[in-house]
Amino acid sequence: MAVNSTKVIWITGASSGIGKALAEEYALKKCCLILSARKRETLEEVAEYCRKLGSEAFVLPFDLYLLKNADEIVSRALDFKGHIDILVNNGGISQRSKVMDTSLEVSARIMDINFFAQIALGRNLLKSFIQNGGGRFVVISSLSGKFGFPMRSTYAASKHALHGYFETLALENYEHNVKVTMVCPGRIKTDISLNAITGDGASFGKMDEGMEKGMPAKVCAKKIIRAVEKDRREVYIGRKEVLMVYFKKFLPSLFFNIARKVDPSK
Ligand SMILES: NC(=O)c1ccc[n+]([C@@H]2O[C@H](COP(=O)([O-])OP(=O)(O)OC[C@H]3O[C@@H](n4cnc5c(N)ncnc54)[C@H](OP(=O)(O)O)[C@@H]3O)[C@@H](O)[C@H]2O)c1
């Protein structure tokens with residue numbers, strides 16, 4: 001499915017990193033954009049840039065944490081153009097703490113933002129997708145959605161949960177032309193580690209060495225758009241770290257021995 005100007009694309013987490021890069025790439029394709037995150041002013045700047053590139057852009061700020069009014073937010077998003085073609089479930093936070101050091105409250109917060117808010121938006125939008133003859137969820141998971149990784153216990157759990165939920169949604173709604181693309185990035189150079197939370201909920205506030213050397217967000221965004229155009233159900237984006245998906249699947253002992261020794265900041 002090639003994307004053109006008739007497409008309405010809603011991107012959460014559009015104020016930074018992968019979401020912002022996706023907004024800019026879709027703007028070049030003259031799509032109509034709905035941009036969400038918490039920071040209204042930053043979203044306005046992204047929207048202004050997208051308009052300069054020739055797209056229409058509507059800013060819809062909200063907090064994914066403890067999201068109670070997903071139905072109202074979805075209906076405000078639908079009001080922009082009357083329909084939505086693609087929801088990119090991208091907004092999220094990461095974790096930098098071991099299991100023993102992570103409080104249940106912090107785990108619940110990560111699950112709320114990375115999982116419950118995503119399914120709340122998805123479930124509310126599904127009805128409109130069905131009424132309009134179809135639609136697509138682009139779910140930004142992670143390589144940590146395919147295997148566990150030190151210092152990412154609940155983050156990995158939240159991303160694994162997205163796979164179970166959205167794969168089921170795709171199976172149940174195949175006849176309605178509702179599609180799902182699960183995106184599993186590896187190390188992409190964004191502020192994700194700076195914005196990650198530690199075991200007591202404090203901000204981690206440091207750029208991981210591995211992230212610093214990661215794939216540029218713009219390259220990642222182009223690969224995501226390509227995967228959508230090729231109607232891919234699942235895509236892994238990154239450099240050599242992507243090999244770990246295949247080690248986990250075909251050489252699980254090798255995977256375990258590498259992953260347990262990895263320095264999670266590199
Ligand atoms: N970078 C990587 O290496 C990598 C790897 C695998 C997966 N991912 C995934 O990619 C997605 C985007 O991350 P990124 O790397 O682009 O990180 P980022 O630069 O930190 O961007 C995160 C985005 O999510 C939004 N966000 C965070 N908490 C939110 C909340 N409570 N309510 C609403 N919006 C919220 C942020 O906007 P506000 O602060 O304005 O709310 C921001 O726009 C995430 O789902 C992440 O798990 C990233």
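It should be emphasised that the depicted structure is a prediction, and the values quoted were computed from it without experimental measurement. Note that ligands are numbered from 1 as they come in the structure, with each ligand's atoms numbered from 1 the same way.
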Checklist entry - Can a donor-acceptor pair be found between the side chains of S193 and N195 at a distance below 3.5 Å? => result no
Checklist entry - Should one rank I11, N90, I140, L143 by closest heavy-atom distance to atom 44 (C) of ligand 1, which comes out on top? => result N90
Checklist entry - Given G17, G91, G92, A117, which one has a non-hydrogen atom that is nearest to atom 22 (C) of ligand 1? => result G92
Checklist outcome for this item: of all protein heavy atoms, closest to atom 41 (O) of ligand 1 is R38 NE, 2.6 Å
Checklist entry - At a 4.0 Å threshold, what atoms of ligand 1 neighbour a non-hydrogen atom of D63? => result 30 (C), 31 (N), 32 (N)
Next on the checklist: Is it true that R136 and T181 share a donor-acceptor pair across their side chains at a distance under 3.5 Å?
Outcome noted: yes
Checklist outcome for this item: atom 23 (C) of ligand 1 has as its nearest protein heavy atom G13 CA, 3.6 Å
Checklist entry - Which protein heavy atom lies closest to atom 6 (C) of ligand 1, and at what distance to 0.1 Å? => result P185 O, 3.3 Å
Item to check | Check: S16 N/O within less than 3.5 Å of ligand 1 N/O | outcome: yes
Checklist entry - Based purely on interatomic distance, does T190 place a nitrogen or oxygen under 3.5 Å from a nitrogen or oxygen of ligand 1? => result yes
Checklist entry - Any N/O of M211 closer than 3.5 Å to an N/O of ligand 1? => result no
Item to check | Ligand-side contact atoms (ligand 1) for residue partner F62, heavy atom cut-off under 4.0 Å | outcome: 32 (N), 33 (C)
Next on the checklist: I'd like to check which ligand 1 atoms, numbered from 1 as shown, lie under 4.0 Å from a non-hydrogen atom of R187.
Outcome noted: 3 (O)
Checklist entry - Hey, are H83 and S128 close enough side-chain-wise for a donor-acceptor pair under 3.5 Å? => result no
Item to check | Residue, atom name and distance, where the atom is the protein heavy atom closest to atom 47 (O) of ligand 1 | outcome: Y155 OH, 2.6 Å
Checklist entry - ligand 1 and I93, any nitrogen or oxygen pair closer than 3.5 angstrom? => result no
Item to check | Nearest protein heavy atom with distance in Å, relative to atom 43 (O) of ligand 1 | outcome: S15 OG, 2.8 Å
Next on the checklist: Checking T42 against S15 for the side chain to side chain donor-acceptor pair (under 3.5 Å) test, could you report, in this order, the C-alpha distance in whole Å, the side-chain angles of both residues, the deciding distance, and whether it holds?
Outcome noted: CA-CA 6 Å; T42 315; S15 63; 5.7 Å; no
Checklist outcome for this item: The protein heavy atom nearest to atom 5 (C) of ligand 1 is G186 O, 2.9 Å
